Amino acid sequence: MLRTHTCGELTAKHIPQVVSLCGWVERVRDMGQSTFIVLRDRYGKTQLVLPPDASNALREVVKQLKFEYVIRATGKVALRPAGQENPNLSTGEIELHLESVEILNECQTLPFLPSSPDVPSEESRLQFRYLDLRRDSMQRSLVLRSQITKKIRDYFERQGFIDIETPILGRSTPEGARDYLVPSRVHPGQFYALPQSPQIYKQLMMIAGYDRYVQIARCFRDEDLRADRQPEFTQLDMEMSFVDENDIMGMIDGLMQHLAREVLGLELKLPLPRMSYDEAMRRFGHDAPDLRYGLEIIDLTAWAKTTDFRVFRGTADAGNYVRALNVKGAAEAFSRKRIDELTTFVQGDFGAKGLAWMRLEANGWGGPIAKNFTEEQLQSLNKLVAAEPGDVILFVADSWETSCRTLHGLRRRLGAELQLYDPKEMNFSWVVRFPMFARDEEENRWAAMHHPFTAPLDEDLPKLESDPSGVRAKAYDLVLNGFEVGGGTIRIHDNPVQQRVFSLLGMSPEEAEHRFGFLLGALRYGAPPHGGIALGVDRLVMLFAGLDNIRDCITFPKTTRAQDLMTDAPNIVDERQLDELGLALKKQPTPE
RNA sequence: GGGGCGGUAGCUCAAUUGGUUAGAGCACCGGCCUGUCACGCCGGAGGUUGCGGGUUCGAGCCCCGUCCGCCUCGCCA
């Protein structure tokens, strides 16, 4: 070892040892007679001092030092003079009196300084990721990530789970997200697909009798990116046999309690609260509501039917909905301009027809639509929305889906803008009893809301053919601060039910056999009742770290156009490589 | 595929209504400084204002196109 200690561990106890430290030069403060150097490694920082009586040889070496040089420094640990301690450093009571300095490597002038308080543009950070990763905040989030995965593994090991790996090269199943494809050389014209999740493999492991499976698995989905979505991401994937929904949720409750306690020092009360999908949509317009604040949706459809205001009445009579948010005390904050902005927002982003509003003033209701209602109607509105002077009511009159999307969007935006919650709060909850099927309007058929192996609620089984929209699933999502951090289901473990579901999805037995034959076959050979869940590790880390984007807890993330700016992937390949794979390009790539 | 914000020195940013030589801090180069800790001080160098076109006497600023980054809708079983 070139070093005897790290840059984060020396204290007064080490006086007067002679030690060697290795690290990066974070700062050089040349005072003339003496020079101070801050040496950094991932453990901390230590101040090195070139004393006034240093030899000329040593002085010459120190003079060469610049930002981010890699050096080995040897010297005597000494107490700093009284009053010169630095309370911001763990090593702040001591300093190293240099006896020798060895330059292990130089560093060219940097595109940006990792130690600078200015955060460089995302573009340069991604291009020079190895420098970005030297920044303190990146090191903190990667350490946190490591702690979280460690605690996850500890927890599941204690619970008797087996960590099992499943293939990366698999078969494309054209349900769900777009697959990343990998061409086969041995079978020209055929492709593997990278896993969107180890879903089917883990079910097969249940059938094989490994009744507690867990894996921290890389998953791939070729869809457009978001702040909380990368094409390649990490799932905590688990599956159990002989269980129902409560067992899975209970197991994850315990995991979250463990993580919150061990990583954040936070005590969670179990069980984590649960809410049905229907209730979540009714109260919050979304299946992953942020429960750190209220601002719940109020349904005014029945009231709208009692009025003569054409927009509301017409919407309600047509079987659509009039729903509202009461933004408490927002009258002052909501200028005309602000409301116009919100209107543009809901129309542009969610396709809402418009945004109506009223506000309760000291002497009654104001706003452009207030005059459309009688005194009695306003009185009953008062009660319905529990209005107090200063409140602003935002109305959305639209279809169920649009009103949900719009009001959720408004709620989220206003929650952030009006700071309705404590950003440090960690609010966990479950959303349960999802619908089994959603109508695919484009293709005019039923589609599985989760995946086609999800078990319906027993009580809803009879409705499978007669009323598909009323069938609810044994499905559950874990929600943290308005982010879906995981979702799972109890699976169908017998073949007849699976066939009924396929048939409802418009999949003939032959087609099902063709696509999922191996799974259907396995289900006939003694499949235990089983279910599981997958949690988004990146999102979990992001939220535990208080970050607002997933890239900041991923070492080498991709841009919103799915490129790696450091390696410049994806990229063109040699003609020869294509030949070997039996591939020819339809469109020649344009050279950059 | 749609919408929004942004791109000016290596980095972070500024530049009035379209106006004269595009500025500052940090970094870089040279020098000074006896205890600094985002050290300080003096001096120097550094610009295809993302790229291409247009309007104009004149464009960093206006218009059109395009590329890149971020946010977002669609998409993500």
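The structure presented is a predicted model; accordingly, all values stated were derived computationally and were not measured. So that the names make sense, note that chain A is the first sequence line, chain B the second, and so on, each numbered from 1.
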Q. Does a side-chain N or O from A:Lys45 land closer than 4.0 Å to OP1 or OP2 of B:C37, or not?
A. no
(Q) Taking B:G60 as the reference, what is the distance to B:U8 when you measure between their C1' atoms (whole Å, please)? (A) 6 Å
Q: Can you tell me, in whole Å, how much space there is between the C1' of B:C33 and that of B:C70?
A: 44 Å
Q. Shortest non-hydrogen contact from A:Phe516 to A:Thr173?
A. CE2-CG2, 3.8 Å
Q. Atom CG of A:Asn88 and atom P of B:C39: how far apart are they, to the nearest Å?
A. 13 Å
Q.
With rounding to the closest Å, how many angstrom separate the C1' atoms on B:U17 and B:G3?
A. 30 Å
Q: Please state the P separation for the pair B:G18 and B:C37 - nearest whole angstrom.
A: 45 Å
Q.
Using the P atom as the point on both nucleotides, what is the distance between B:C5 and B:U49, in whole Å?
A. 24 Å
Q | Side chain of A:Leu113 (C-beta onward), nearest among B:C29, B:A27, B:C75 | A | B:A27
Q: Could you tell me which non-hydrogen atom of A:Arg405 sits nearest to which non-hydrogen atom of A:Phe350, and how far apart they are?
A: NH2-O, 2.9 Å
Q: Name the closest nucleotide to the A:Glu223 side chain, picking from B:C73, B:C76, B:U34.
A: B:C76
**Q.** B:C68 and B:C62, which share atom name C1', separated by this distance in whole Å
**A.** 23 Å
(Q) The side chain of A:Pro120 is closest to which nucleotide in this list: B:G35, B:C11, B:G1? (A) B:C11
(Q) Once you measure the plane-to-plane angle for A:Tyr277 and A:Phe434, does it fall in the parallel (<30°), tilted (30-60°) or perpendicular (>60°) bin? (A) tilted
Q: Classify the ring geometry between A:His451 and A:Phe453 as parallel (under 30°), tilted (30 to 60°) or perpendicular (over 60°).
A: tilted
(Q) Heavy atoms from C-beta onward define the side chain here; which of B:U36, B:G69, B:C71 lies closest to that of A:Arg551? (A) B:C71
Q: Starting from P on B:C11, measure out to CZ on A:Arg134 and report it in whole angstrom.
A: 17 Å
Q | Pairwise C1' distance, B:C13 and B:G31 [rounded to whole Å] | A | 29 Å
Q. So which heavy atom on A:Ser197 is nearest to which on A:Cys219, and how close?
A. CA-SG, 3.7 Å
Q: Nearest whole angstrom, please: distance from the P of B:C73 to the CD of A:Glu401.
A: 17 Å
Q: Between B:C76, B:C73, B:A27, spot the one nearest the side chain of A:Thr109, thanks.
A: B:A27
Q | Flag side-chain contact, heavy atom, 4.5 Å: A:Trp446 against A:Ser469 | A | yes
Q. Once you round it to whole Å, what is the distance between P of B:G69 and CZ of A:Arg129?
A. 14 Å
Q. Should A:Gln563 be listed as having a side-chain N or O under 4.0 Å from OP1 or OP2 of B:G69?
A. yes
Q. When you measure from the side chain of A:Ala177, which nucleotide among B:U36, B:C70, B:C76 comes out closest?
A. B:C76
Q: Quickly work out the A:Glu93 CD to B:G35 P distance and round it to whole Å.
A: 23 Å
Q: Quote, to the nearest angstrom, the P distance that separates B:C75 from B:A9.
A: 39 Å
